[in-house]
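The chains referred to below are lettered A, B, ... by the order of the sequence lines, with proteins before strands, and numbering in each begins at 1.
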Number of protein chains: 2
Amino acid sequence: MAAERGSGRDPAYLMDLLWRTQPSGSRGPRGSLSVDRVVAAAVEIADTEGIAGVSMRRVAERLGVTTMSLYNYVPSKDDLLDLMFDMAAGEPDPTDWPDDWRGGLTAFAMAQRQALLARPWMLDVPISAPPMGPSNLAWMEAALSIMDDTPLTEGDMMGVLSILSGHVLNEARLQVTMERATPRLGVEYADWNVLYGQMLARAAASGSYPTVARVAAKAFTEEESGGPDADFRYGVDYVLDGAAALMRARQAG
Amino acid sequence: MAAERGSGRDPAYLMDLLWRTQPSGSRGPRGSLSVDRVVAAAVEIADTEGIAGVSMRRVAERLGVTTMSLYNYVPSKDDLLDLMFDMAAGEPDPTDWPDDWRGGLTAFAMAQRQALLARPWMLDVPISAPPMGPSNLAWMEAALSIMDDTPLTEGDMMGVLSILSGHVLNEARLQVTMERATPRLGVEYADWNVLYGQMLARAAASGSYPTVARVAAKAFTEEESGGPDADFRYGVDYVLDGAAALMRARQAG
DNA sequence: CTCTAACTATGTACACCGTACAGTTTGTAT
DNA sequence: ATACAAACTGTACGGTGTACATAGTTAGAG
């Protein structure tokens, strides 16, 4: 029977993979590869060709090994993708972050955004498990330790973190989607305004979306909306204002 | 030459597809299908088998037609997925929503969440273009018209909407991921607490994530965390508190 | 009324995918 | 020395999206 763990959809097994704590029975020959090398090769491919370029065959080829050999290190491609995500996230470097919670969280958000924009394919991997790899935990640690000296409840801290990095993720997704959808029409980034302009024209023409037509027209016309960076900062400030309000409430209570 | 639009990655062409405003030259035989029927069939498959069950062959089979025939109505599978997303989103029904902005936006968020949880596969479709289909616009209209009588700037309204529905999306994604990752271990939803407990034990053991260990332990121990519904409401309130603060500021300024 | 261009539908084919499975080689623990 | 687990190979299967050539159908142009 032998417990037969490792079907890949066993969460405990995925944990062992993420943390590289696989019990390696030392009977046969020691493998020429390692989980790390497999994942690293996959990440390299994704970096240059996007997620679509990552196939088991291509990864194996890059490692000079048969396709099926990879399955000695990784139970399935889905798991490989999870591993890639964690490795690509990397660990944050908070040394240069400001000391105050507001500055710290802002730096945190910007760093996380930068990590995503540097590897847009991360937004393409269908995450099949809640984030529980070492890198993800390191990011979590960075954010939580910033809020540690504030009057926030533990629940609040988790809430703020969730909303903040949710915003980071959404904004990055939007930006990447935009950049991809922007064909070789014009130059620069302003193209998607044109696209949205078309949409709004359509909306206005139908008459069914009066508020959208008016509000969006105004919001997009406003003489340079500031681009994605400004939108991102706006959201971060919005979320952190909420955190500040929470702190005041907790302290007063 | 004939302009040759329609490669599927042409945004204007996608717009025509979404809005069903395709110029249909009436020369040859009229097709036995329609964009709507194709998309509807794909949605039906996704509803019962998830996104993985949707392949061009299966859709064609369900419609009693050859696979390649679908390409007369839809330029590629990626576009089909975009179309599916818009159709599945449906139009909101705001008739029963409260009149005040706060109640209205809360109802909006809950409705959007419900729509996503009813069709979890929507979270699996890799959206390849910014939301600009009729359904998505209807949701946008619903939210914006709620905020129309408030002192919010047009930019603020877009910002609040973005953060709010971003939160909805993130929370839904998290919940669905959790439910999927939960194998047939125990009963009920509390299982993922066990999973997260394992992770935290690992984190505490390594000593590298002290804050995570302490904070998360506290946050998860707190005698029934309230489940996903409570987390969701917490976030909605958080975001709407921010909107209220913004309104006060705009009115005072 | 014919003809022809536009359009729909079919069938075949290609390159690629993830991975199950059987068999071979390799190395260590007994 | 030998048993045996582990690493690795090669082949095969059922699936994918879609390019392409072909045939059939219609409506407008002449």
Side-chain angles (χ1 to χ4, degrees), chain A residues 1-9 22-38 41-42 45-46 49-84 124-126 128, chain B residues 1-9 22-38 41-42 45-46 49-84 124-126 128:
Chain A
M1 274 311 131
E4 198 49 274
R5 68 203 290 273
S7 73
R9 296 297 91 197
Q22 281 242 72
S24 65
S26 55
R27 196 57 174 276
R30 313 242 253 96
S32 61
L33 267 43
S34 67
V35 176
D36 260 310
R37 288 194 56 202
V38 172
I45 295 178
E49 308 180 37
I51 208 81
V54 178
S55 78
M56 299 302 273
R57 275 173 247 256
R58 300 263 295 102
V59 173
E61 181 189 21
R62 170 173 274 258
L63 290 169
V65 131
T66 326
T67 307
M68 291 313 290
S69 196
L70 299 182
Y71 287 90
N72 284 314
Y73 302 91
V74 152
S76 74
K77 189 188 177 182
D78 284 343
D79 294 282
L80 175 57
L81 288 174
D82 280 349
L83 294 171
M84 288 172 65
D124 297 326
V125 346
S128 58
Chain B
M1 276 310 132
E4 198 49 273
R5 71 203 288 272
S7 75
R9 296 298 90 198
Q22 281 241 70
S24 64
S26 56
R27 197 58 171 275
R30 309 237 254 95
S32 62
L33 267 43
S34 67
V35 177
D36 260 309
R37 287 196 56 203
V38 171
I45 295 178
E49 308 179 39
I51 207 82
V54 178
S55 78
M56 299 304 272
R57 275 173 248 257
R58 302 262 295 102
V59 174
E61 180 190 21
R62 170 173 274 257
L63 290 169
V65 132
T66 327
T67 306
M68 290 312 290
S69 196
L70 299 181
Y71 288 89
N72 282 317
Y73 303 91
V74 152
S76 75
K77 188 188 180 183
D78 284 343
D79 293 281
L80 175 56
L81 289 174
D82 280 349
L83 294 171
M84 287 172 65
D124 298 326
V125 346
S128 58

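Remark: A:Glu49 pairs with A:Ile45, A:Arg58 by the side-chain contact (heavy atoms from CB on, under 4.5 Å) rule, at least two apart or across chains. With sequence neighbours excluded, the residues satisfying side-chain contact (heavy atoms from CB on, under 4.5 Å) with A:Tyr71 are A:Met56, A:Met68. Contacts of B:Ala42 classified as side-chain contact (heavy atoms from CB on, under 4.5 Å), with partners at least two apart in sequence or in another chain: B:Val54, B:Val59, B:Leu80, B:Met84. Every residue meeting the side chain to side chain donor-acceptor pair (under 3.5 Å) condition with B:Arg62, not counting sequence neighbours, appears here in chain and number order: B:Glu44.
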Checklist outcome for this item: Nucleotide by nucleotide, nucleotides 8-18 of chain C touches protein heavy atoms under 4.0 Å in the pattern (B base, S sugar-phosphate only, - none) SBBB-----BB
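Remark: C1' of D:dG24 and CZ of B:Arg27 are 16 Å apart, rounded to the nearest angstrom. When the C1' atom of D:dG15 is taken as reference, atom CD1 of B:Ile45 falls 15 Å away, rounded to whole Å.
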Identify every side-chain donor-acceptor pair in residues 28-38 of chain B under 3.5 Å, counting partners at least two apart or on other chains, and give the distances.
unit_1, atom_1, unit_2, atom_2, d
B:Ser34, OG, B:Arg37, N, 3.1
B:Asp36, OD1, B:Arg20, NH1, 2.7
B:Asp36, OD2, B:Arg20, NH1, 3.2

